[in-house]
Amino acid sequence: QIYYFMVKEGILDNLFVTVIASLILVVMGVIYFIATLLIVRFSTGLMGYSPDANWVVLSSAVIVVGIMIGSAIKNS
């Protein structure tokens, strides 16, 4: 019976760590996307283009997805 209680605490601890790690990764992903968005906007301004905001968001999303996939392939 004591062993069951210890296992239950371990599961709750693991769940807590998983939730915290997931929140940190989501926040870091949003910050990374915003940084990429600003870089794309600044770069298009330097080149003299003024694209619609939808195209800036789309291109930033494609860049971030490409970097994430490349990073996952590199680490495996």
* To do: Mind checking side chain to side chain contact (heavy atoms under 4.5 Å, CB included) for I20 and listing every partner two or more places apart, or none if nothing turns up?
  =>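 Side chain to side chain contact (heavy atoms under 4.5 Å, CB included) check on I20 returns F16, I24.
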* Asked: What pairs with I69 under side chain to side chain contact (heavy atoms under 4.5 Å, CB included), at least two apart in sequence or on another chain?
  ->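 Here the qualifying residues are V65, I73.
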* Examine M68 and V40 and state if one hydrophobic cluster contains both, with Ile, Leu, Val, Met, Phe, Trp and Tyr joined whenever side-chain heavy atoms are less than 4.5 Å apart. =>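 Yes, because M68 and V40 connect within a single hydrophobic cluster, where side-chain heavy atoms sit under 4.5 Å apart.
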* Tell me whether L58 is reachable from L38 by hopping between hydrophobic residues (I, L, V, M, F, W, Y) whose side-chain heavy atoms are closer than 4.5 Å. => no
* Other hydrophobic cluster members with L46, side-chain heavy atoms of Ile/Leu/Val/Met/Phe/Trp/Tyr under 4.5 Å, chained? -> F42
* What residues join I31 in its hydrophobic cluster, counting side-chain heavy atom gaps under 4.5 Å, either direct or through other members? ->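 Its cluster mates, by chain and number, are V27.
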* Using the side-chain hydrogen bond (donor to acceptor under 3.5 Å, both in side chains) rule, collect all pairs that involve residues 20-47, keeping only residues at least two apart or in two chains. =>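 Pairs touching residues 20-47 that pass the test: none.
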* Asked: Which residue pairs pass the side-chain hydrogen bond (donor to acceptor under 3.5 Å, both in side chains) test with at least one member in residues 48-69, sequence neighbours excluded?
  -> D52-N54
* Asked: Around M47, counting heavy atoms of other residues, nucleotides and ligands shown, do more than 12 lie under 6.0 Å from its CE?
  ->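 Check passes, neighbour count above 12.
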* Euclidean distance, I34 CD1 relative to I39 CD1, rounded to 0.5 Å ->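 Separation between the atoms: 12.0 Å.
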